[in-house]
*Asks:* 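Dropping the structure in here first, questions after.
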Amino acid sequence: MARLAQTAGLTDIQQEILSTVRDFVDKEIIPVATELEHRDEYPQQIVDGLKELGLFGLMIPEEYGGLGESLLTYALCVEEIARGWMSVSGIINTHFIVAYMLKQHGTQEQKDHFLPRMAAGDIRGAFSMSEPALGSDVSAITSKAVKDGDEYVLNGQKMWLTNGGTSSLVAVLVRSDEGHPEGTAPHKSMTTFLIEKEPGFGEVRPGLTIPGKIDKMGYKGVDTTEMIMDGLRLPANRVLGGATGRGFYQMMDGVEVGRVNVAARGCGVAQRAFELGVSYAQQRHAFGKAIAQHQAIQFKLAEMATKVEAAHAMMVNAARKKDSGERNDLEAGMAKYLASEYCKEVVEDAFRIHGGYGFSKEYEIERLYREAPMLLIGEGTAEIQKMIIGRRLLEEYRFQG
């Protein structure tokens with residue numbers, strides 16, 4: 001039987017890229033992931049290896065030094081990386097979303113300035129929408145940009161920045177009432193700004209502070225931070241796309257492809273959990289035979305494998321829809337919702353198969369058990385996905401009576 005989660009119709013180049021990434025994951029990530037995760041240590045050597053492979057420029061056009069690959073290729077690479085250690089896929093994802101937003105919405109000057117260095121991995125991206133008092137309600141953003149001559153002055157506090165410390169470029173969504181009269185819909189008075197900064201913590205440029213890392217249950221290694229803007233001055237040419245009021249749509253476009261990424265992460269973690277579960281079930285003996293020979297365990301393995309296959313298929317479909325040039329919010333929402341929920345269930349089943357040993361930090365499944373919950377909330381909770389899916393279905397199946 002073929003390995004789970006195969007993808008039909010890939011080109012020779014795509015297969016070669018995936019084979020290279022899979023080999024890197026097996027040799028360079030899986031053997032060290034649990035140790036680094038327990039120390040909450042940034043995986044610098046792994047990141048350097050991904051930089052050498054060109055993965056930071058995977059979807060950046062060739063004219064800017066990237067590989068010019070599709071969202072599908074990228075998602076399949078993320079699936080492989082998350083199978084090794086989900087935190088590493090998070091380091092790439094935020095970078096990728098910012099690069100995608102620049103490619104789709106940036107001015108020519110912004111593309112020329114940022115994309116070649118992002119493709120080389122010399123600039124690492126992060127993006128920020130959330131704030132301490134809001135999560136999914138983006139319309140409630142209070143951080144603000146005010147025009148002052150040829151500059152904008154930004155003030156406010158942002159939350160949950162992946163790569164907040166290690167990044168050197170942050171795309172941030174704030175209010176910008178300039179040119180938008182009172183009563184304008186909130187999503188039409190938001191702007192995305194491109195903030196260049198020094199990597200690290202503390203005051204990373206005048207008016208911008210990145211406090212220390214937030215201590216998390218899982219998703220360790222990658223830095224998650226707050227961001228405080230206090231009189232941060234930016235030139236007008238750092239408005240993404242060159243015009244205010246477009247930020248909400250730009251961010252939602254980025255999040256749409258980000259949801260495919262999170263779905264791919266869920267697929268990768270679920271695959272690894274299945275691998276660990278099916279392997280342990282054949283080694284562990286109870287009542288005179290390997291527990292894999294007991295029907296109860298075989299039923300679990302069957303359910304786990306089916307969920308891995310279903311999530312992978314939906315993720316691939318969502319990526320291909322976006323690559324075709326069509327809107328994929330429905331497919332991406334479905335893929336993200338299903339993959340994250342199934343990932344949690346597959347990981348828990350693998351945890352149960354391990355019995356008491358699954359509770360030990362010596363076993364890899366313990367790490368996966370703490371990582372899976374992040375996927376339930378990253379890039380929009382299950383409730384947000386269901387709301388998006390429901391609205392789009394009502395548009396497609398409008399009652400004609």
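For the numbers below, each heavy atom of this structure counts, side chains included, while hydrogens, waters and symmetry mates do not.
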*Asks:* Could E79 and R22 be called an ion pair, given the rule that one side-chain N must be under 4.0 Å from one carboxylate O?
*Replies:* no
*Asks:* Below 30° counts as parallel, above 60° as perpendicular, anything between as tilted: where do the rings of Y363 and Y280 land?
*Replies:* perpendicular
*Asks:* Kindly indicate whether a cation-pi arrangement holds for K51 with F56, taking the cut-offs as under 6.0 Å to the six-membered ring centre and within 45° of the axis.
*Replies:* no
*Asks:* Assess, by modelled atom type and distance only, whether the side chains of T209 and E203 contain a donor and an acceptor separated by less than 3.5 Å.
*Replies:* no
*Asks:* Charged N to carboxylate O under 4.0 angstrom, K213 versus D223?
*Replies:* no
*Asks:* Quick one: does any side-chain atom of D40 pair with a main-chain N or O of G221 as donor and acceptor, under 3.5 Å?
*Replies:* yes
*Asks:* Counting only heavy atoms not in R39, do more than 12 fall under 6.0 Å of its CZ?
*Replies:* yes
*Asks:* Looking just at side-chain N and O atoms, do S176 and T191 make a donor-acceptor pair shorter than 3.5 Å?
*Replies:* yes
*Asks:* Give the C-alpha distance, both sets of side-chain angles, the deciding distance and a yes or no for salt bridge (Lys or Arg N to Asp or Glu O under 4.0 Å) between K386 and E383.
*Replies:* CA-CA 5 Å; K386 286 190 248 186; E383 290 73 23; 5.2 Å; no
*Asks:* Of the non-hydrogen atoms in W160 and T224, which two are nearest, and what is the gap between them?
*Replies:* CE3-CG2, 3.7 Å
*Asks:* Is there a donor-acceptor pair under 3.5 Å between the side chain of H285 and the backbone N or O of Q283?
*Replies:* yes
*Asks:* Mind checking whether E331 and M314 have side chains closer than 4.5 Å, heavy atoms only?
*Replies:* no
*Asks:* Any side-chain to backbone donor/acceptor pair from K158 onto V172? Under 3.5 Å, distance only.
*Replies:* no
*Asks:* For W85 and E371, does a side-chain donor sit closer than 3.5 Å to a side-chain acceptor?
*Replies:* yes
*Asks:* Looking only at side-chain N and O atoms, does E326 offer a donor or acceptor that is under 3.5 Å from a partner on S324?
*Replies:* yes
*Asks:* Which of these passes side-chain hydrogen bond (donor to acceptor under 3.5 Å, both in side chains) with T142: Q157, R175, E131?
*Replies:* E131
